[in-house]
Amino acid sequence: GAVVSQHPSRVICKSGTSVKIECRSLDFQATTMFWYRQFPKQSLMLMATSNEGSKATYEQGVEKDKFLINHASLTLSTLTVASAHPEDSSFYICSARDPGDGTTDTQYFGPGTRLTVL
Amino acid sequence: QKEVEQDPGPLSVPEGAIVSLNCTYSNSAFQYFMWYRQYSRKGPELLMYTYSSGNKEDGRFTAQVDKSSKYISLFIRDSQPSDSATYLCAMSANDYKLSFGAGTTVTVRA
């Protein structure tokens with residue numbers, strides 16, 4: 001299957017720090033990437049949809065000024081958590097859409113980034 | 001009511017048993033159905049992908065979709081301890097946004 005990488009895998013920072021997370025599709029071009037958040041023992045919650053070359057679309061309740069998304073190329077999307085606070089501590093996971101041959105359109109996930117804000 | 005319902009378990013089975021997982025959904029616009037496996041503190045790994053009603057088999061895994069009943073299943077034959085993980089069902093409409101079930105935690109006992 002396709003490979004998606006995320007960097008860094010773990011971040012520990014002080015309150016008020018901005019944190020940048022990178023998501024890369026390594027062996028395919030992803031016109032669309034998605035950012036999710038996952039709390040312990042809970043399922044993934046979609047935060048935003050990122051399309052290459054255009055503004056991200058945020059889900060209801062997600063602050064776009066807090067979670068800044070940039071999709072600069074067909075293989076890279078970044079999520080910046082601006083002025084992070086302890087309540088932003090979570091597991092952030094990206095996925096990249098691989099349209100394939102048109103019949104196997106699916107998403108592949110990165111390994112996740114664990115953010116801890118002190 | 002959630003769009004996707006999945007029993008969170010936990011489910012514990014002996015090695016070699018068949019693991020049966022299922023999800024129900026309410027949104028008739030869903031067309032694409034997936035099963036992901038997630039190990040602790042890792043990203044989800046795609047196991048099965050289907051877009052039509054019926055069965056799809058891949059090795060020890062069989063996915064079933066019944067669109068008329070809005071019900072999907074995943075069966076794991078000859079389960080191994082390495083299959084111990086959380087299994088997430090996911091589905092999407094034409095907007096490709098995934099809606100996930102809560103995930104079922106499975107433990108296969110050696």
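Residue numbers start from 1 in every chain, and the chains themselves are labelled A, B, ... in the order their sequence lines are given, proteins ahead of strands.
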message: How about CZ on B:R41, more than 12 heavy atoms from neighbouring residues, nucleotides or ligands closer than 6.0 Å, or not?
response: no
- request: Tell me, out of A:Q6, A:E59, A:Q42, who's got the most heavy-atom pairs with chain B below 4.5 Å.
  value: A:E59
A:K66 NZ: over 12 foreign heavy atoms closer than 6.0 Å: yes
- prompt: With hydrophobic residues grouped by side-chain heavy-atom distances under 4.5 Å, do B:M34 and B:Y96 end up in a single group?
  reply: yes
field: Distance (rounded to the nearest 0.5 Å) between B:L88 CG and A:F109 CZ
entry: 8.5 Å
query: Is it the case that one hydrophobic cluster holds both A:L68 and A:V117, taking links as side-chain heavy atoms less than 4.5 Å apart, direct or via other members?
result: no
field: A:L26 atom CG, over 12 foreign heavy atoms within 6.0 Å
entry: yes
query: From A:T49 OG1 over to B:D95 CG, what is the distance, rounded to the nearest 0.5 angstrom?
result: 7.5 Å
field: Minimum side-chain heavy-atom gap A:K41-B:T105 below 4.5 Å
entry: no
- request: Would you please test A:Y108 and B:L46 for side chain to side chain contact (heavy atoms under 4.5 Å, CB included) and show each step?
  value: CA-CA 7 Å; A:Y108 295 93; B:L46 180 66; 3.9 Å; yes
message: Just checking A:H85: does its NE2 atom have more than 12 heavy atoms from other residues, nucleotides or ligands closer to it than 6.0 angstrom?
response: yes
query: For the atom pair NZ (B:K97) and CG (A:L46), what is the distance rounded to the nearest 0.5 Å?
result: 6.5 Å
message: Using heavy-atom distances under 4.5 Å, tell me whether B:Q38 contacts chain A through its side chain, its backbone, both, or neither.
response: side chain
field: same_hphob_cluster(B:V13, B:L47) at 4.5 Å side-chain heavy-atom cutoff
entry: yes
- prompt: Of the non-hydrogen atoms in B:K42 and A:F91, which two are nearest, and what is the gap between them?
  reply: O-CE2, 3.7 Å
field: Region of B:Y36 that comes under 4.5 Å of a non-hydrogen atom in chain A
entry: side chain
task: Show your reasoning for whether ring pair (Phe, Tyr, Trp, His ring centres under 6.0 Å) applies to A:Y36 and B:F100.
output: CA-CA 11 Å; A:Y36 295 83; B:F100 282 90; 5.7 Å; yes
query: Are B:F75 and B:Y49 grouped together when hydrophobic residues (ILVMFWY) are joined by side-chain heavy atoms under 4.5 angstrom apart?
result: no
- request: Using non-hydrogen atoms and a 4.5 Å limit, figure out which bit of A:Q38 sits close to chain B: side chain, backbone, both or neither.
  value: side chain
Options B:A102, B:P44, B:G43, ranked by heavy-atom pairs under 4.5 Å with chain A, top entry: B:P44
message: Please find the pair of heavy atoms, one from A:S43 and one from B:G101, that lie closest to each other, and give the distance.
response: OG-O, 2.6 Å
Joint cluster assignment, A:F34 & A:L115, ILVMFWY side-chain distance < 4.5 Å: no
message: So for A:I93, is it side chain, backbone, both, or neither that comes closer than 4.5 Å to the heavy atoms of chain B?
response: side chain
